[in-house]
Amino acid sequence: MAPNVEEAIAEIRETFPGLRVEVEPEAQGGAYVVVHDLEFDRLYTPERTWIGFSIPFQYPDVDVYPHFADAALARVDGTALASAFQKTMWRGQPVTQISRRSNRWNAATDTAALKLRKVLAWMRDH
Amino acid sequence: MVGADPAAAADQLVGHLFRDDEGEHGAVLVAGIAATERGVRLLVREVVRARDGIDYVPGELGYRALTPRFVAEVSGCCADENLCYLAIHNHGGRGRVRFSGDDLASHERGYPALLDVTNGGPVGALVMADGAVAGDIWTPHGRHEIERYTMVGPTIRHLFPSSPQAVLAVDPRYDRHARMFGDLGQRRLRDLKVAVIGLSGGGSLVSQMLAHLGVGWIVGIDHDRVDLTNLPRIVGATRWDALGPLARSRSPRVRHLSQQLAKHKVHVAARVARSAQPGIRYKPIVGDIVDADTARHVVDADAIILATDTMQSRLVFNAIVHQYLIPGFQIGAKVRVDKSDRRVEEIFAVARPVLPYPGAGCLQCAGLIPAGRLREEALTPDERAAQRYVDDDEVHEPSVITLNSIGASLAVNDLLLMVTGLLPDDARMRALMYDAQERVVQTMNSSSDLACRYCGTTGRSHFARGDRGRLPCREAQ
């Protein structure tokens, strides 16, 4: 695994203490990461879900997106998910894709952990 | 052992050492290192100027010396950053320089300990006069002289301990070249190693031009094979290279077989180069610059020309330029077509110098390596399909030889003038864009960000770290 990717994973573990972080290296030097047991203030069902994403080997020059969640992800109030959500496949299983591209991604300041926090914040607002 | 110094550091250094007082002044060069089969290069990242009377004072055993406190501070920083410590001072005279006996004695007293402090260095000293540099470099394995010192700017200037001997007249076939840049200029071209990344339309022309110019050593890198649609723009490619009869077969299996057996583009480029210059040293590499093993073939080049259109290769090229202080050029041509009515909207060709000093064309600072595009290129075909990206690898951009040749000519011509010293020292090496419909060549300003991971010199930037930084490459699996 590329050293920058290892650092990103360490930062994710620090940023989300107490949560299970599952990591699987991918062939090019990047990694697949899944953070479990995330909560969304009872806005979504299931109440606790996971968010997965890949960190490519050219991180941090490369944006970290899209993110993926449980295929059954739905809003508790029954309203439709925002257009940035779509049903697709990831790593051989059906998932909900969350597309939040950072057009101003800055390799000097943006990180995978920060991006995940932004995605979670966005989900809580939508 | 060779030193390389980007223009900004060279200006600072020369201005600090050679002043109106004509006295002796000192500084420390903080440097990275690159060890390759061509030798070891020390890469100047930063000039730390010693203040006269404070950091650089009359010595007890020699004329002047850096204070122990200054040496401790700077060498400590070098140890922390895993960089090399090179003290430098100036002598009088012109075209020839060497250390004094006092200088060498001070090295013998101080450098064994400094090697320990810096975890093996290398450490050492340089002495500079007008038009000459000598060096005494210490490593855990021995003591070495500096072969030459290279300043990379609009002119690539080499300094030696003493002026090189007169250049013998070159091959008479280069007579018309020599009338422009002399036998010395032709000799410099012969000694050059240039890497060409991408040997399709633009790159094949670059490779051919370099061979005709008399460049002695070319490394060509491309993973792709020739197909029939390449023939109108890859110089020297034939129907046989594309296995034309098979490629036209009605059978998909036969067509697929032809794609697997057609000649690699880089081998066509090697054939064309050897035809233009039979004695050329041409190393064709079937590979991708994004792979670490392939990128290693480029880090000791004297110049790199990028003629590919992927963001991943741009990122690696830009990193190598700044991390190894190698002048680079990116070329390209674009025909913008309206997707709805197929109307041609723009036609232009670009040649962009990417030089290893701030403000000199960093592709990252110019926003030419979008993080989102990099992300898309990192996906597997299955992921691309699942995540609904619409770009289809089988749908190619328009491309014609006339446009490709403009970008190629502009870049190779810039390199030629830099190497042979025909550009003024204050030349602004801005990108050139030829707008084919307006029939004008425009210059484009470059931008630089001090915090850039590649051209910036602050914090953890990769600038001039050489082998002591990591390239954004795929490691061998």
Side-chain angles (χ1 to χ4, degrees), chain A residues 1-8 25-33 52-69 71 83-112 114-115 118-119, chain B residues 288-293 295 310-319 322 362-365 367-380 382-389 448-463 468-477:
Chain A
M1 202 184 300
N4 289 337
V5 176
E6 288 178 348
E7 283 178 26
E26 58 92 39
Q28 302 185 91
Y32 297 104
V33 179
F53 49 94
S54 69
I55 306 177
F57 69 97
Q58 290 184 319
Y59 175 89
D61 292 300
V62 52
D63 190 2
V64 178
Y65 85 99
H67 291 67
F68 303 95
S83 60
F85 293 91
Q86 61 187 23
K87 302 298 178 186
T88 184
M89 300 288 287
W90 185 56
R91 309 193 65 206
Q93 63 172 327
V95 291
T96 303
Q97 177 174 310
I98 308 149
S99 299
R100 300 296 300 157
R101 184 155 88 172
S102 302
N103 290 327
R104 293 182 184 173
W105 177 272
N106 181 338
T109 52
D110 285 310
T111 68
L114 185 61
K115 180 69 181 271
K118 287 181 178 175
V119 168
Chain B
D288 186 339
I289 191 67
V290 179
D291 291 316
D293 288 349
T310 70
M311 297 302 123
Q312 289 189 328
S313 58
R314 276 189 192 179
L315 181 70
V316 174
F317 159 80
N318 193 59
H322 294 100
C362 173
L363 297 179
Q364 185 79 298
C365 291
L368 294 168
I369 314 176
R373 289 276 305 279
L374 273 177
R375 175 72 192 100
E376 289 164 24
E377 288 179 9
L379 296 172
T380 65
D382 286 347
E383 286 172 332
R384 286 174 65 83
Q387 293 172 26
R388 302 179 191 183
Y389 291 105
S448 65
D449 178 353
L450 285 176
C452 175
R453 282 163 42 77
Y454 298 104
C455 75
T457 52
T458 56
R460 299 174 66 187
S461 100
H462 293 220
F463 185 78
R468 296 187 177 175
R470 185 181 177 279
L471 290 172
C473 288
R474 271 188 298 257
E475 295 297 333
Q477 292 163 28

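Just so we're on the same page: letters track the sequence lines, and every chain starts at 1. Hydrogens, waters and symmetry mates are skipped; everything else that's a heavy atom, side chains included, is used.
Remark: Asn318(B) engages no residue in a side chain to side chain donor-acceptor pair (under 3.5 Å) (not counting sequence neighbours). Glu7(A) meets the side chain to side chain donor-acceptor pair (under 3.5 Å) test with Arg460(B); sequence neighbours excluded.
For Asn4(A), the part lying near chain B is the side chain, with the backbone staying farther off; criterion is any non-hydrogen pair under 4.5 Å. Proximity to chain A is limited to the backbone of Cys473(B), based on heavy atoms less than 4.5 angstrom apart. In this structure, the portion of Gln364(B) lying under 4.5 Å from any heavy atom of chain A is its side chain and not its backbone.
Side-chain atoms of Thr458(B) come within 3.5 Å of backbone N or O of Leu450(B) as a donor-acceptor pair. Proximity of a side-chain donor or acceptor of Arg474(B) to a complementary backbone N or O of Phe57(A) within less than 3.5 Å is not detected.
In terms of heavy-atom pairs under 4.5 angstrom with chain B, the leader among Ser54(A), Ser102(A), Gly29(A) is Ser54(A).
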